[in-house]
Trainee: 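Handing you a structure now.
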There are 2 protein chains.
Amino acid sequence: MRSEDIARLAGVSRSTVSRVINNYSNVPEETRRKVLKVIEQYNYSPNSSARALAGKRTDTIGLFIVSIAERNSATRVYRNNYFSPFIDAVIDTANARGVYVLVHSIFSVHDYAKIKQAFIERRMDAGIIVGTEKDIGVIAEVAAMGYPLVIIDYSPEDILRLVGKGRIAVINSTDDKGTREIIKYLLDSGHKDIGILAGRDNTYSGRVRYETYRKTLIENGIEPRAEWDLKGEFIKKIAEQAVVRLVKTGNLPTALFCCNDDMAISAMDVLSRENIKVPDDISIAGFDDIMPASLVKPALTTVHVPIYDIAGKAVELVLGMIGDTAMNISTYTMETKLVIRESCKKPV
Amino acid sequence: MRSEDIARLAGVSRSTVSRVINNYSNVPEETRRKVLKVIEQYNYSPNSSARALAGKRTDTIGLFIVSIAERNSATRVYRNNYFSPFIDAVIDTANARGVYVLVHSIFSVHDYAKIKQAFIERRMDAGIIVGTEKDIGVIAEVAAMGYPLVIIDYSPEDILRLVGKGRIAVINSTDDKGTREIIKYLLDSGHKDIGILAGRDNTYSGRVRYETYRKTLIENGIEPRAEWDLKGEFIKKIAEQAVVRLVKTGNLPTALFCCNDDMAISAMDVLSRENIKVPDDISIAGFDDIMPASLVKPALTTVHVPIYDIAGKAVELVLGMIGDTAMNISTYTMETKLVIRESCKKPV
DNA sequence: CTGAAAGCGCTTACAG
DNA sequence: CTGAAAGCGCTTACAG
């Protein structure tokens, strides 16, 4: 069934059928009804490729999940507690707005080209990029092609400086505020020996959380100690090894701030195996508030990152930008919230 | 940049450019190289809409997640521990094969039409449908249009009887074997009073798990008791209420078989609040082996459903079917595996 | 208000 | 082996 068939059946031309479908104002109510009736009767929907080719939108957005770090490990996207709900939330939100979502995962530097390619092939009207190590080069190239892009967790300064012009929105959360709050909470409980299990520092949130941790300690008259400065890279396995090494030194802080919950849960696993009690012997704090955070025992004290709101905002922004061809780089920041559960207590 | 530009730059016709791109055999190596060089130089990729319109594939598959039951609740797909990894695994597998994935969520009966519409609009070459209450009517209609479909968790008999003809593959797991194994495990530990927290019975796996539970008890000379036959509908909230009511009766079984892990975890929450110890006072068994199952305390004894393998198989099958226009309905069954952890022990 | 026609960017018989 | 031409199914100036 093509528009021509509908036209014949309704006794009008293809032009009129198209006008009805695209809701043009200059078609009389009676004609519209007549055409609509046939369309409905035959369950007709225009061929999306033909529409797109003739100049209409694809009504599709691309969602690109970048996770280079985990490329060769078993920890692919589908096991990632952070991205998984984000993907689902984007799909939900976009579908509710009648937009299709093409999801792509980027596992290697070589795969970055796929982002550009998807746009070159005109498969989508706009894109959302989330993940670690987002390639600024690709972002600049897509921006130069004129496609709207929403980027999650990226330094706004870097974008401004390195991309310059484009239709770009950057969404971050208040990692600084969140870090400050949870460190202050530890400080106020009486902790002075607070270690850190840091995330990836080529990640904006990784850097902010790390730097805010240090700044907050120093502001409170405490010098961060190198031996409690662990690198976990946001990855469970690496975090686990770092904590094992820490335990071996026999010199534990009274609290450990883990820059994401995945690492915090890994740390708790190691400590539990070593018979070190959380929170009695050591307090563990996380970040993100992923779903398992409330399920582990003791339940994790952490900073809630509003991942669903971020996803919703990303879709809203990207759809808004499709209709607006103005070159414009904007930044949005979503509120984090301290979530106090059971994994932290006063030091003994 | 269009194929015509490439043609001009390479000194050939559009036909030849197309032949090179589509890897036709009848173009001399030298011509091929010449064209390829220009293509690479300008980073050209054909417009996907134009290709599709001219008769090529879309290189896109649709993934439809149906979860009607959760329509009006806060528990949308993105919070679902079962579908989430499935979505991610399908994307991973398909992307690795160079295929795009259009993901759609179906939350209301009205949304079923979207599945058909996506095919009518020619947005994809084939589809994978997963979830609860998959609409056989829509499946039959899409099948009648000739599109390949892979359906997860559906009664093969129903498909055969109600759809009849189509390019359809059904994938299930060995829910019968899995249920039998975990019930036998409980029985062998000495349990005789084994209750069930059942799933949705309009779901194939829900029915099989329920029926196999009953059958296994009866085969072992035990009559299932009505007061321990709880309806949880696979949904945390409903399961919770059912367990609360059970606890109120004061008449607990020594073991409770929960037809999915989500419900098992809910049950453990309720019991923990009521100060009933798992596994000392009551053993809890689950099904699915979702990620939190190993994280809760006590870690959940459950049946592992190979969700990643199912996703991989679904992609493999669907891609295979795209090239093969034979009408054929086939069935695949993936192996489950008993996973013994800490939530079950001998009855006192 | 409405239709005929051009055009979107490809692929694929067809003819040579 | 290769090009000219038709055609895929739409949308949109254009002309009336």
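For clarity, every value in this text was computed on a predicted model and none was experimentally measured. Because only heavy atoms are used, hydrogens play no part in the values below, and waters and symmetry mates are left out as well, while side chains stay in.
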Trainee: With sugar-phosphate meaning primed atoms plus P, OP1 and OP2, does A:S18 contact a base, only sugar-phosphate, or nothing at under 4.0 Å between heavy atoms?
Mentor: base
Trainee: Could you measure the distance from the CZ atom of A:R8 to the OG atom of A:S3? Nearest 0.5 Å is fine.
Mentor: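 Rounded to the nearest 0.5 Å, the CZ-OG separation comes to 11.0 Å.
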Trainee: Can you find a heavy atom in the side chain of B:R167 that is under 4.5 Å from one in the side chain of B:D324?
Mentor: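 The answer is no; the side chains never approach within 4.5 Å.
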Trainee: Requiring both pairing distances under 3.5 angstrom, list the stems that contain DNA chain C and are made of three or more consecutive Watson-Crick or G-U pairs.
Mentor: C:1-3 with D:14-16, C:5-12 with D:5-12, C:14-16 with D:1-3
Trainee: Want to settle it: does B:T16 or B:L53 sit nearer the 5' end of DNA chain C, counting the closest nucleotide to each?
Mentor: B:L53
Trainee: Mind checking which nucleotides bracket the chain A contacts on DNA chain C, 5' to 3', with an atom under 4.0 Å from a heavy atom?
Mentor: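 From 5' to 3', the first and last contacting nucleotides are C:dC1 to C:dG9.
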Trainee: Tell me whether the count of non-hydrogen atoms from other residues, nucleotides or ligands lying under 6.0 Å of CD in A:E29 goes above 12.
Mentor: yes
Trainee: Of A:R19 and A:R14, whose closest DNA chain D nucleotide lies nearer the 5' terminus?
Mentor: A:R14
Trainee: For a quick check of understanding: with a heavy-atom distance under 4.0 Å over all strands, which category does B:S3 fall into, base, sugar-phosphate or nothing?
Mentor: sugar-phosphate
Trainee: Any idea which heavy atoms bring A:M124 and A:L102 closest together, and the distance?
Mentor: CE-CD2, 3.7 Å
Trainee: Could you measure the distance from the CD1 atom of B:I168 to the CG atom of B:L160? Nearest 0.5 Å is fine.
Mentor: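 Rounded to the nearest 0.5 Å, the CD1-CG separation comes to 9.5 Å.
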Trainee: Could you state the interatomic distance from NE2 (B:H104) to CD1 (A:I91), rounded to the nearest 0.5 Å?
Mentor: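 Reported value, rounded in 0.5 Å steps: 10.0 Å.
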Trainee: Does some side-chain heavy atom of B:I159 sit less than 4.5 Å from a side-chain heavy atom of B:I136?
Mentor: yes
Trainee: Any side-chain heavy atom of B:K114 within less than 4.5 Å of one from A:Y100?
Mentor: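 Heavy-atom side-chain distance check fails, nothing below 4.5 Å.
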Trainee: Say you draw a straight line from CZ of A:F64 to CG of A:D111; how long is it, rounded to the nearest 0.5 Å?
Mentor: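 If we round to the nearest 0.5 Å, A:F64:CZ and A:D111:CG are 11.0 Å apart.
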Trainee: Can you list the steps and then say if A:R32 with A:Y24 is a side chain to side chain donor-acceptor pair (under 3.5 Å)?
Mentor: CA-CA 10 Å; A:R32 182 182 304 277; A:Y24 284 19; over 6 Å; no
Trainee: By the 4.0 Å heavy-atom rule, please label A:N26 as base, sugar-phosphate, or nothing.
Mentor: base
Trainee: Could you identify which residues of residues 27-41 of chain B place a heavy atom less than 4.0 Å from some atom of DNA chain D, listed by residue number, or say none?
Mentor: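 B:P28, B:T31, in order of number.
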Trainee: Just verifying a value: how many Å separate B:E316 CD and B:I171 CD1, rounded to the nearest 0.5 Å?
Mentor: 8.5 Å
